[in-house]
Novice: 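Before I ask anything, here is the structure I am working with.
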Amino acid sequence: MEELEKLQKWLDESRSAVFFGGAGVSTESGIPDFRSVDGLYNQSYRYPPETIISRSFFARDPEEFYRFYREKMLWLDAEPNAAHRKLAELERAGRLAAVVTQNIDGLHQKAGSRVVLELHGSVHRNYCMKCHKSFDAAYVKNAPGIPRCDVCGGVVKPDVVLYEESLDDKTLREAVRRIEAADLLVVGGTSLAVYPAAGLIQYYRGNRLVLINRTPTPYDSQADLILTENIGALMGKLRA
Ligand SMILES: [Zn+2]
């Protein structure tokens with residue numbers, strides 16, 4: 001496949017590539033995109049995901065928030081797939097400078113990637129809203145109802161960016177810096193519709209913008225290379 005060869009060549013020549021990924025990167029690890037599960041809230045939730053996963057809803061009804069969160073957003077048994085593993089290999093080989101991700105599942109780190117910029121936070125970091133004590137994801141998963149701090153009784157909140165909340169400034173700035181310095185930008189598993197994905201790729205200055213997505217994105221006309229395949233299957237064919 002001609003496109004795959006081209007991507008391979010560009011990766012071979014790269015020294016500071018950045019991978020920008022979305023929910024599609026984790027679907028092959030069995031993690032569905034909670035935004036796009038059809039009829040999800042019709043079945044067992046009275047509100048759409050965007051409402052439940054918002055700051056004001058968390059404050060108003062943390063119990064219902066956690067019911068949704070545990071069922072649809074906490075996938076602690078998921079394993080990295082070929083895409084995660086290949087990106088970790090590329091980092092070790094000195095070709096990839098950073099992974100910028102919209103995912104909160106920690107699978108890039110589990111696969112061995114070290115520079116991972118998690119725009120929307122991580123389910124693996126949780127903290128007490130009163131005394132700021134940290135808790136792991138298992139603590140949140142196993143708590144009955146609303147997880148509470150074992151020291152002060154405060155509500156424990158995941159370090160996940162909810163709707164109505166802003167992204168972490170430091171993470172965002174680092175993502176911009178890495179993308180500006182990138183000699184290759186590979187975007188995968190995202191329709192580029194979720195903020196701030198679209199804004200971020202505008203910082204790329206090179207002429208090797210690669211889009212890997214099964215469906216067209218609003219940025220296809222700006223891409224230098226487009227591959228329409230499942231990202232895990234595709235990345236599995238690449239050499240590091
Ligand atoms: Zn506490």
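Along the sequence shown, the residues carry numbers beginning at 1.
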Novice: Do I146 and Y47 belong together in a cluster built from hydrophobic side chains that touch within less than 4.5 Å?
Specialist: yes
Novice: Could you tell me whether E64 and R46 make a salt bridge, using a distance below 4.0 angstrom between a side-chain N and a carboxylate O?
Specialist: no
Novice: Using the side-chain contact (heavy atoms from CB on, under 4.5 Å) definition, which of the options V25, I31, N81 pairs with L107?
Specialist: I31
Novice: Any ion pair linking E91 and K86 (charged N to carboxylate O, less than 4.0 Å)?
Specialist: no
Novice: Rounded to the nearest 0.5 Å, what separates atom CG in D61 from atom OG in S56?
Specialist: 11.0 Å
Novice: So I179 and L200, do their side chains get closer than 4.5 Å, heavy atoms only?
Specialist: yes
Novice: Can you check whether G145's main-chain N or O pairs, donor with acceptor, with R70's side chain at less than 3.5 Å?
Specialist: yes
Novice: Does any part of the side chain of Y219, heavy atoms only, come nearer than 4.5 Å to the side chain of S191, both counted from C-beta?
Specialist: no
Novice: Starting at CG of L162, measure out to NZ of K157 and round the result to the nearest 0.5 Å.
Specialist: 4.0 Å
Novice: Of all heavy-atom pairs between S26 and H84, which one has the smallest distance, and what is that distance?
Specialist: OG-NE2, 3.7 Å
Novice: Any salt bridge between R178 and E174, counting N to O under 4.0 Å?
Specialist: yes
Novice: Find out if a path of hydrophobic residues (ILVMFWY) with successive side-chain heavy-atom gaps under 4.5 Å connects L76 to V156.
Specialist: yes
Novice: Tell me which one of R125, Q102, H124, H108 satisfies side-chain hydrogen bond (donor to acceptor under 3.5 Å, both in side chains) with E118.
Specialist: R125
Novice: Scan E164, E50, E165 and name whichever one has a salt bridge (Lys or Arg N to Asp or Glu O under 4.0 Å) with R55.
Specialist: E165
Novice: Within the structure provided, determine whether E3 and I226 are in side-chain contact (heavy-atom separation under 4.5 Å).
Specialist: no
Novice: Please report the interatomic distance CG(L11) to CZ(R208), rounded to the nearest 0.5 Å.
Specialist: 9.5 Å
Novice: Is there a path from W75 to Y66 through hydrophobic residues (I, L, V, M, F, W, Y) whose side chains come within less than 4.5 Å of each other?
Specialist: no
Novice: With rounding to the nearest 0.5 Å, note down the distance linking CG in L172 to CG in L117.
Specialist: 10.0 Å
Novice: Answer with yes or no after comparing the ring centroid distance for F58 and F65 against a 6.0 Å cut-off, counting only values under it.
Specialist: yes
Novice: Given Q109 and S122, is the side chain to side chain contact (heavy atoms under 4.5 Å, CB included) satisfied, shown in steps?
Specialist: CA-CA 11 Å; Q109 291 91 332; S122 171; 5.9 Å; no
Novice: If you compare all heavy atoms of C131 against all heavy atoms of C149, which two are closest, and at what distance to 0.1 Å?
Specialist: SG-SG, 3.8 Å
Novice: Would a 4.5 Å heavy-atom cut-off, applied to side chains only, mark L211 and L225 as touching?
Specialist: no
Novice: Main chain of P32, side chain of T27: is a donor-acceptor contact present, judged purely on distance under 3.5 Å?
Specialist: no
Novice: Report the C-alpha separation of Q8 and L238 in whole Å, then their side-chain angles, then the decisive distance to 0.1 Å, and conclude whether the side chain to side chain contact (heavy atoms under 4.5 Å, CB included) test is met.
Specialist: CA-CA 6 Å; Q8 182 71 63; L238 294 167; 3.5 Å; yes
Novice: From R239 CZ over to D12 CG, what is the distance, rounded to the nearest 0.5 angstrom?
Specialist: 6.0 Å
Novice: Side chain of K72, backbone of D33: donor and acceptor closer than 3.5 Å?
Specialist: no
Novice: Does any non-hydrogen side-chain atom of M235 lie less than 4.5 Å from one of L87?
Specialist: yes
Novice: Please give me the minimum heavy-atom distance between F68 and I53, naming the atom from each residue.
Specialist: CD2-CD1, 3.4 Å
Novice: Pair V210, W10 - check side chain to side chain contact (heavy atoms under 4.5 Å, CB included), show working.
Specialist: CA-CA 10 Å; V210 182; W10 286 359; 3.7 Å; yes
Novice: Are any of the side-chain heavy atoms of L90 and F19 separated by less than 4.5 Å?
Specialist: no
Novice: Please find the pair of heavy atoms, one from A182 and one from V18, that lie closest to each other, and give the distance.
Specialist: CB-CG2, 3.8 Å
Novice: Going from CG on L185 to OG on S16, what distance comes out if it is rounded to the nearest 0.5 angstrom?
Specialist: 10.5 Å
Novice: I'd like to check Y69 versus V123 (side-chain heavy atoms, cut-off strictly below 4.5 Å). Are they in contact?
Specialist: yes
Novice: Any link between Y163 and F57 through a network of hydrophobic side chains (Ile, Leu, Val, Met, Phe, Trp, Tyr) touching at under 4.5 Å?
Specialist: yes
Novice: Tell me which pairs pass side-chain hydrogen bond (donor to acceptor under 3.5 Å, both in side chains) where either residue lies in residues 131-149, with sequence neighbours left out.
Specialist: K133-D150
Novice: Check whether any side-chain N or O of D224 sits under 3.5 Å from a backbone N or O of L209 as a donor-acceptor pair, and report yes or no.
Specialist: yes
Novice: Can the ring centres of Y127 and F135 be said to be less than 6.0 Å apart?
Specialist: no
Novice: Given 3.5 Å as the limit, does a donor-acceptor pair link the side chain of N103 with the main chain of A23, or not?
Specialist: yes
Novice: Regarding K237 and E229, does a basic nitrogen lie under 4.0 Å from an acidic carboxylate oxygen?
Specialist: yes
Novice: Any salt bridge between R85 and E79, counting N to O under 4.0 Å?
Specialist: no
Novice: Mind listing the closest non-hydrogen atom pair of D183 and S14 along with its distance?
Specialist: OD1-OG, 2.7 Å
Novice: Is it true that K9 and E13 make a salt bridge, defined as a side-chain N closer than 4.0 Å to a carboxylate O?
Specialist: yes
Novice: Check A82 against G236 and note the closest heavy-atom contact, atom names and distance.
Specialist: CB-CA, 4.0 Å
Novice: Let's go through V155 and K130 carefully: what are the C-alpha distance in whole Å and the side-chain angles of both, what is the deciding distance for side chain to side chain contact (heavy atoms under 4.5 Å, CB included) to 0.1 Å, and is it a yes or a no?
Specialist: CA-CA 7 Å; V155 172; K130 259 191 192 166; over 6 Å; no
Novice: Looking at E180 and R177, is any side-chain nitrogen of the basic one under 4.0 Å from a carboxylate oxygen of the acidic one?
Specialist: no
Novice: If you define the side chain from C-beta out and look only at heavy atoms, does anything of V186 sit under 4.5 Å from L7?
Specialist: yes
Novice: Can any side-chain N or O of S54 pair as donor or acceptor with the backbone N or O of T51 at less than 3.5 Å?
Specialist: yes
Novice: Is there a donor-acceptor pair under 3.5 Å between the side chain of T190 and the backbone N or O of L192?
Specialist: yes
